[in-house]
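This report concerns only the one structure given below.
When reading the values below, keep in mind they use all heavy atoms of this one structure, side chains included, and skip hydrogens, waters and symmetry mates. Reminder, nothing fancy here: chain letters follow the sequence lines and each chain counts from 1.
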Amino acid sequence: MEGFLNQLPIGLSIGAVLLLIALGLTFTFGQMGVINMAHGEFIMAGAYTAYLLQGWTGRAAVLVALPVAFVVAGALGLILERLAIRHFYGRPLDTLLLTWGVSLVLQQLARDLFGAPNVQVQAPEWLQGGPGIMPYSRMFILALAIGSVVAVWAYLNRTGQGRRMQAVMQNRRLAATSGIDTGRVDMRTFFIGSGLAGVAGVALTLIGPVGPALGTYYIVDAFLVVVAGGLGQLRGAVIAAAALGLLNSFAEFWTDASLAKVIVFVAIVGFLQFRPQGLFVLKSRALT
Amino acid sequence: MTLTTERPVAKTPPATWRTRLQGPAVFATVAVLALVVAPLLLEPFRLGLLAKYLVYAIVALGIGLAWGQGGMLVLGQGVFFGLGGYAMGMHLKLVEAQGDLPDFMVWSGVEQLPALWEPFANPVFALAMVVLAPMALATALGALVFRQRVRGAYFAILTQALAAAFVILLIGQQGLTGGTNGLTNFFELFGQDLALDETQRVLYIVVAVVLGLLYLGARQLVNSRFGRLLVAVRDGEDRVRFLGYNPATVKTVTFAISAGMAGLAGALFVPVVGIISPALLGVVPSLELVVAVAVGGRFALAGAVLGAVVMGYAKTTFSEQFAGGWLYLQGALFILVMTLAPRGIAGLLRRRRKETR
């Protein structure tokens with residue numbers, strides 16, 4: 001029974017990380033139809049930011065690393081969007097392959113800069129230990145994800161920028177006709193989405209080591225969250241991420257690690273039989 | 001969400017006797033080069049490498065069919081390649097063990113032959129499974145997914161997740177699959193010594209002939225009514241549905257055919273290269289082949305084949321000289337191709353031919 005309960009915090013914190021990653025993906029995918037395979041490398045960039053900062057900032061390392069990683073990953077995303085992706089709008093499958101090329105380059109860059117072996121980020125003392133089965137570090141990740149969701153929700157619904165973003169997501173042409181500068185909105189979406197991946201990277205340093213291929217372990221699962229949750233849907237992403245994280249860790253507990261992924265995959269294909277467009281669907285009259 | 005803005009326009013040039021003979025002439029030249037000149041000129045090591053590229057070209061042909069013609073971006077062909085490869089590998093292992101347990105099972109402490117392995121001792125069963133297992137999996141997945149109108153990027157992501165899960169499963173089931181090492185140490189195929197140059201040369205010819213036949217078959221398919229329907233599904237799935245066809249069936253059949261090709265390629269890969277392991281099948285190798293098809297030109301079947309051979313050659317050459325540099329080069333090449341020439345080499349050639357005419 002104890003082993004069973006142990007899976008709960010693991011599943012929830014993995015779900016929280018997946019959520020942070022999927023938030024960015026679901027909005028870039030939903031709004032621009034871009035499948036960003038380089039998103040995983042923004043996670044990696046965030047994690048290495050935390051690694052570089054830990055020597056300088058002492059006890060508050062994680063707290064400093066979060067905003068810095070957000071900006072670093074966000075800036076990378078912005079550069080990618082401006083230089084390459086904006087030429088590919090409306091061709092989702094091509095962006096997938098293009099950004100995969102970018103991700104190859106970024107991974108190799110990290111390997112040359114930081115070396116191929118994994119590095120370890122020391123969690124600050126106040127995050128070590130914790131009551132019973134729930135270590136402070138995992139509580140922190142959970143709080144971070146909840147905080148980010150609230151922030152994104154508030155941005156989307158309580159600011160003018162956020163409302164414009166929703167407008168572009170629902171109908172790009174109509175939004176443009178109404179005087180919204182869709183190019184600027186796209187840039188902001190990309191910045192915020194990529195920044196959240198950087199935050200996820202910092203969170204991952206609390207769970208395990210950091211390596212050049214860090215992003216590749218999470219990107220596929222994060223995309224599954226987007227597929228299951230529905231495009232551009234905050235609620236969908238939250239529920240799907242939690243479900244996927246928990247399903248994954250419990251499946252690993254009940255069977256073994258190698259079968260867990262297969263079970264998750266079968267579960268998703270099964271789920272799509274009932275909800276082919278994910279949990280929540282953006283209502284639209286477009287025929288696609 | 002608008003899905004495809006870019007639609008290759010099918011402008012058939014007027015069929016003069018010259019244009020009509022051009023295709024067969026090129027095909028015949030390539031066939032002579034591949035079947036007669038290459039085995040005579042290349043040393044055994046290089047010929048083996050060429051055989052490997054041609055094996056990958058078979059997978060690429062399937063990708064070209066599914067993605068280029070059918071618009072289904074398949075990011076998990078490694079799974080089907082693996083199913084074919086493991087079916088072949090299991091058979092070879094069992095023949096070699098001659099009733100005993102295969103070597104790796106002894107090492108990982110398995111005492112009795114798993115029930116899954118038993119039928120693979122029969123060569124007919126093994127060879128049938130090479131094609132049937134991938135096709136069955138693809139049919140099941142395709143039927144479930146396409147019926148619900150899951151398509152485009154969603155489908156691509158699902159196939160990628162399948163590849164990820166498949167590799168983890170293979171690595172985890174050490175006693176059944178040989179884990180990370182996969183299946184290796186093959187010595188003979190149907191009684192022939194695999195180490196002999198002569199066997200490898202015959203294998204090369206077999207690979208080349210299989211590729212040629214599959215290419216002709218795929219061409220025939222594309223030019224048939226079914227092929228027209230497939231392209232129509234790619235360009236306007238809803239319109240095809242309104243006309244009374246079922247796009248799900250068309251897509252499932254095509255996906256299954258491309259999976260069967262990948263399975264066959266996997267089976268040929270095993271005797272040619274001498275190993276089948278999870279590292280050859282995961283997300284990255286599957287994507288690399290899609291990249292190769294994109295570089296060669298996805299809208300032309302010949303482009304897919306060409307891309308696989310060119311990229312295979314480039315990979316060997318460049319990673320021999322500077323290991324890390326290859327990844328930069330591959331990434332950069334890919335970004336360039338997608339930006340400047342989304343139709344790949346075949347598209348560039350076709351454009352030039354039009355200009356010079």
Side-chain angles (χ1 to χ4, degrees), chain A residues 29-30 32-33 35 37 84 87-109 111-112 116 172 216-217 219-221 223-224 226-227 231 256-266 268-270 272-278 282 284 286-288, chain B residues 1-6 67 71-73 75 140-141 144-145 147-158 160-174 179 237-238 282-284 287-288 290-291 294 324-339 342:
Chain A
F29 194 6
M32 299 172 237
I35 306 180
M37 294 298 284
H87 303 293
F88 283 84
Y89 287 150
R91 288 157 59 189
L93 301 183
D94 288 3
T95 56
L96 193 158
L97 298 175
L98 170 87
T99 52
W100 190 62
V102 174
S103 113
L104 277 184
V105 172
L106 288 178
Q107 272 179 41
Q108 187 56 31
L109 201 64
R111 218 165 274 138
D112 288 349
R172 173 173 292 270
T216 53
Y217 300 122
I219 189 80
V220 178
D221 282 355
F223 270 121
L224 287 182
V226 175
V227 168
L231 283 183
D256 61 292
S258 68
L259 277 174
K261 292 280 177 206
V262 178
I263 292 174
V264 169
F265 180 79
V266 172
I268 298 243
V269 172
L272 288 177
Q273 297 306 304
F274 303 102
R275 295 238 168 203
Q277 290 181 296
L282 195 68
S284 152
L287 182 71
T288 48
Chain B
M1 192 175 65
T2 48
L3 271 178
T4 42
T5 52
E6 155 222 31
W67 180 35
M72 294 170 274
L73 182 50
L75 297 180
L141 182 64
L144 283 174
V145 166
R147 194 171 57 99
Q148 292 297 328
R149 304 186 193 177
V150 174
R151 57 190 153 185
Y154 276 42
F155 174 71
I157 291 167
L158 280 179
Q160 186 163 51
L162 178 66
F166 182 63
V167 164
I168 292 172
L169 183 68
L170 283 177
I171 294 177
Q173 305 296 321
Q174 177 92 29
E237 190 169 330
D238 287 309
V283 171
V284 174
L287 256 167
E288 270 178 349
V290 176
V291 172
W326 165 243
L327 282 172
Y328 282 123
L329 195 78
Q330 195 185 18
L333 181 72
F334 205 33
I335 298 168
L336 281 178
V337 168
M338 292 318 291
T339 327

Please flag which part of [X] lies under 4.5 Å from any non-hydrogen atom of chain A: side chain, backbone, both or neither.
| X | value |
| --- | --- |
| B:Ala163 | neither |
| B:Leu141 | side chain |
| B:Leu144 | both |
| B:Val284 | both |
| B:Ala156 | side chain |
| B:Leu336 | neither |

Heavy-atom distance under 4.5 Å to chain B: side chain of [X], backbone, both or neither?
| X | result |
| --- | --- |
| A:Ile35 | side chain |
| A:Arg111 | side chain |
| A:Leu96 | side chain |
| A:Val227 | both |

Looking at A:Thr95, A:Leu109, A:Leu259, A:Val266, which one has more heavy-atom pairs under 4.5 Å with chain B than the rest?
A:Leu109

Any side-chain heavy atom of [X] within less than 4.5 Å of one from [Y]?
| X | Y | value |
| --- | --- | --- |
| A:Val262 | B:Phe166 | no |
| B:Gln160 | A:Val220 | yes |
| B:Tyr154 | A:Phe29 | yes |

What residue in B:Val150, B:Val167, B:Leu162 has the most heavy-atom pairs under 4.5 Å with chain A?
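The answer is B:Leu162.
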
So A:Leu97 and B:Val290, side-chain contact (heavy atoms from CB on, under 4.5 Å) or not? Walk me through it.
CA-CA 8 Å; A:Leu97 298 175; B:Val290 176; 3.8 Å; yes

Can you confirm whether the side chains of A:Gln273 and B:Arg147 place a donor and an acceptor under 3.5 Å from each other?
yes

Say you draw a straight line from CZ of A:Phe265 to CD1 of B:Ile168; how long is it, rounded to the nearest 0.5 Å?
12.5 Å

Reference residue B:Ile157; test side-chain contact (heavy atoms from CB on, under 4.5 Å); the match among A:Val226, A:Ile268, A:Leu224
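Looking at A:Val226, A:Ile268, A:Leu224, the match for B:Ile157 under the side-chain contact (heavy atoms from CB on, under 4.5 Å) is A:Leu224.
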
